[in-house]
2 protein chains.
Amino acid sequence: MEHNLKEFFDKALKEVSLDCTVFGFHEGELKVLLLRWKGTDGWSLPGGHILLDESADDAANRILTQRTGLNDVYLQQFYTFGNVNRYTYHPEKELLEKLEATFGKGFFDGIIFRRVVSIGYYALVEFDQVQPTPDWFTDECRWWSLADVPNLLFDHNEMIERALKALRQHTRNHPIGYNLLPEKFTMPELQRLYETILDRQFDRRNFQKLLMSYDILERLDEKRVGAANKSPYLYRFVKEKYDEAVAAGVSFSM
Amino acid sequence: MEHNLKEFFDKALKEVSLDCTVFGFHEGELKVLLLRWKGTDGWSLPGGHILLDESADDAANRILTQRTGLNDVYLQQFYTFGNVNRYTYHPEKELLEKLEATFGKGFFDGIIFRRVVSIGYYALVEFDQVQPTPDWFTDECRWWSLADVPNLLFDHNEMIERALKALRQHTRNHPIGYNLLPEKFTMPELQRLYETILDRQFDRRNFQKLLMSYDILERLDEKRVGAANKSPYLYRFVKEKYDEAVAAGVSFSM
DNA sequence: TTTTCTTTGTGTAAAATTTACGCATTGAAA
DNA sequence: TTTCAATGCGTAAATTTTACACAAAGAAAA
C-alpha cells in the first residue's frame with residue numbers, strides 16, 4: 001500500500017491526519033520513536049492518514065503496526081492539533097529544498113503541505129519488542145532519548161510535550177507499566193519507570209507499599225540474579241486486576 | 001455567512017467538524033444547549049466547520065459566539081470523534097425523510113452525511129448571559145437539563161457523556177466556577193455547583209475551608225437577603241489568583 | 001576464603017491531611 | 001414573639017502520607 005501513495009490517498013481523508021508519540025522505556029530513560037525524512041536530516045513523529053472505511057483508532061493502530069511490528073499497541077488519543085500553519089512551524093528553507101529535490105517540486109503541496117488537522121495519540125510499548133521501520137517518506141526510524149529530541153518537523157515538538165503531559169496526568173490516576181515493562185520486572189525497575197515519567201524520586205519502601213496496595217502485582221518466586229548486590233524479587237502484573245484498576249482508576253498519591 | 005452555505009463550505013474544511021457541549025448552571029442543575037433541526041424533532045449539539053484560515057479553537061469560539069451571543073467563551077477541547085459511521089448512529093428513517101423534505105434530497109450527502117471527523121469541545125458559560133440562537137440547519141436553540149437530554153442525532157449523546165467526564169476530571173484538578181457562576185455568589189451556591197458536577201454531597205464546613213484555602217475567593221461585605229434564613233455572605237473570585245490556580249492546578253480532595 | 005560494598009526486604013512512629021460533628025446566630029415566616 | 005431552616009465558625013477523631021533504620025543477600029575485591 002505504501003508503495004502506491006496516490007492510490008492510498010484516494011482512499012483516505014486528506015484534511016485529517018494522525019501522529020503518534022511512541023514511548024519506550026530503556027536503560028532508565030523514556031525514549032520516543034522518530035523518523036528521518038528521505039534525503040534530509042529532518043525528523044518527525046510517525047503518523048499518517050485515516051482510510052475512508054477506518055476509524056481514527058484503527059488507523060493509529062495500523063500505522064503503529066507498520067512502524068513497530070507490534071500488533072496491539074496501547075494507544076491513547078490525547079489532543080487534536082488544529083492550528084492553521086501547523087505544517088510550516090519549522091520552515092528551514094534548506095530542508096524544504098532537499099525534500100523537493102527528493103520528492104519532486106510541488107509533490108507535497110497537495111498532500112503534506114496543506115491545511116491538515118492532526119489527531120495526536122501516544123503509545124506505550126515494550127522497547128525490546130519494537131522493530132523500528134521507516135515509511136514511504138522516510139529512510140530511518142529509531143529511538144531517541146526524550147532529552148535529546150532535536151527540532152522536529154511541523155509542530156511535532158509540541159506534540160511530544162503534550163503527549164508527555166498527558167502521560168503524566170494518566171500516570172497520576174491509573175496504574176502504569178503493563179505496556180512499558182517486560183513481563184517480569186523488579187520493584188526497583190517499576191519504581192524507575194514511575195520516577196522517570198513523573199520526574200520525581202520516591203522512597204522505595206513507601207513506593208512498594210503503595211503499589212502492592214493496588215493489588216495488581218504478583219511477586220514471583222524468582223529473583224533477578226547477576227548484579228553485585230542482593231537479588232531482588234521479580235514481579236508481574238495480574239492482568240485481570242491490572243485492567244480493573246485501569247478502568248476504575250487509582251490515584252498515585254506520593 | 002450562514003445564509004450562503006455553499007459559499008461557506010468552499011472556504012472550510014469538509015472532512016473535519018467540531019461540536020460543542022455548552023454547560024450552564026441554573027436552578028441547581030447542569031444544563032446543555034441543544035438545537036432542533038428544521039422541520040424535525042431531532043436535536044443535536046451546536047457545531048460547525050473550520051474555515052481554511054482559522055484554527056480549530058478559533059472556529060469553536062466563532063461558532064459559540066453565534067449560538068450564544070457571548071464573546072470569549074471558556075472552551076476546552078476534550079476528544080476527537082473519529083468513528084466511520086458517526087453520522088448514522090441515529091438512523092431513524094422517519095427523521096431522515098423529514099430532513100430530506102426540508103433541505104432537498106441528496107443535499108446532505110456532500111456536507112453532513114459524509115465521513116467527517118469531529119473535534120469535541122466543551123464550554124462553560126453563565127446561564128443568564130446566553131442568548132440561544134439557532135443556525136442555518138435548525139430553528140430552535142434551547143437549554144436542556146442534563147437528565148432530560150433526549151436521543152440526539154449523530155453520536156452527540158456520547159459526546160455529552162465524554163464532555164461531562166472531562167469536566168469532572170477537570171474539576172478534580174482545577175478550581176471551577178468563574179465561567180459558570182455570576183460575578184457574585186454565595187458559598188452554598190458554589191458548593192451546589194461542585195456537588196452537581198461531581199454528583200456528590202459535601203460537608204459545608206469542610207467545603208468552605210477547602211475552597212478558602214485556595215486563596216482565590218474574596219468575601220464581600222454584602223449578603224444575599226430575601227430567603228427565610230440567615231443571610232449568607234457574597235463572594236467573588238479574585239481573577240488573578242483564580243487564573244494562577246487554574247494554571248498551577250489544585251486538587252479538589254473531598 | 002574472607003571482607004567489602006552496594007542494594008534489597010521489612011515495620012513503626014511522626015506529621016499532615018481529611019473527615020466528622022456541635023452550637024450559637026441570623027432573618028424571614030408563622 | 002416564636003419558630004424554623006440555613007449560616008458561621010472551631011475542634012477532635014480518623015485516615016493518609018511521609019520519614020526513617022537495620023538486618024540480610026550476593027557479587028566483587030582483597
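Chain A is the first sequence line, chain B the second, and so forth, proteins listed ahead of strands; every chain is numbered from 1.
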Minimal non-hydrogen separation, A:L124 against A:N179, with atom names: O-CB, 3.5 Å

Nearest atoms (heavy-atom pairs only) where B:L180 meets B:F23: CD2-O, 3.5 Å

Length of the CZ-C1' vector between A:F207 and C:dT8, whole Å: 15 Å

Whether B:Y194 and B:F207 hold their rings parallel, tilted or perpendicular, with breakpoints at 30° and 60°: perpendicular

With sequence neighbours excluded, residues passing salt bridge (charged side-chain N to carboxylate O under 4.0 Å, His left out) with B:R224: B:E189

Separation of atom CZ in B:F202 from atom P in C:dT17, rounded to whole Å: 19 Å

N/O to N/O distances under 3.5 Å, protein versus nucleotides 5-9 of chain D:
from: D:dA6; atom 1: O4'; to: B:N229; atom 2: ND2; distance (Å): 3.3
from: D:dT7; atom 1: O2; to: B:K230; atom 2: NZ; distance (Å): 3.2
from: D:dG8; atom 1: OP1; to: B:Y233; atom 2: N; distance (Å): 2.9
from: D:dG8; atom 1: O4'; to: B:K230; atom 2: NZ; distance (Å): 3.3
from: D:dG8; atom 1: N7; to: B:R204; atom 2: NH1; distance (Å): 2.7
from: D:dG8; atom 1: O6; to: B:R204; atom 2: NH2; distance (Å): 2.6
from: D:dC9; atom 1: OP2; to: B:R219; atom 2: NH1; distance (Å): 3.1

Worked check of ring pair (Phe, Tyr, Trp, His ring centres under 6.0 Å) between B:F185 and B:F25: CA-CA 13 Å; B:F185 49 86; B:F25 185 62; over 10 Å; no

Any donor-acceptor pair under 3.5 Å from B:R205 side chain to B:K209 backbone: no

Spacing between A:M212 atom CE and C:dG11 atom P, to the nearest angstrom: 13 Å

Parallel, tilted or perpendicular: ring planes of A:F78 versus A:F81, cut at 30 and 60 degrees: perpendicular

Atom-pair distance (CG on A:D203; C1' on C:dT8), nearest Å: 13 Å

Got a list of protein N/O to nucleotides 14-18 of chain D N/O distances below 3.5 Å?
from: D:dT17; atom 1: OP1; to: A:S253; atom 2: OG; distance (Å): 2.8

Aromatic ring pairing B:Y178/B:Y242, orientation class (parallel under 30°, perpendicular over 60°, tilted between): tilted

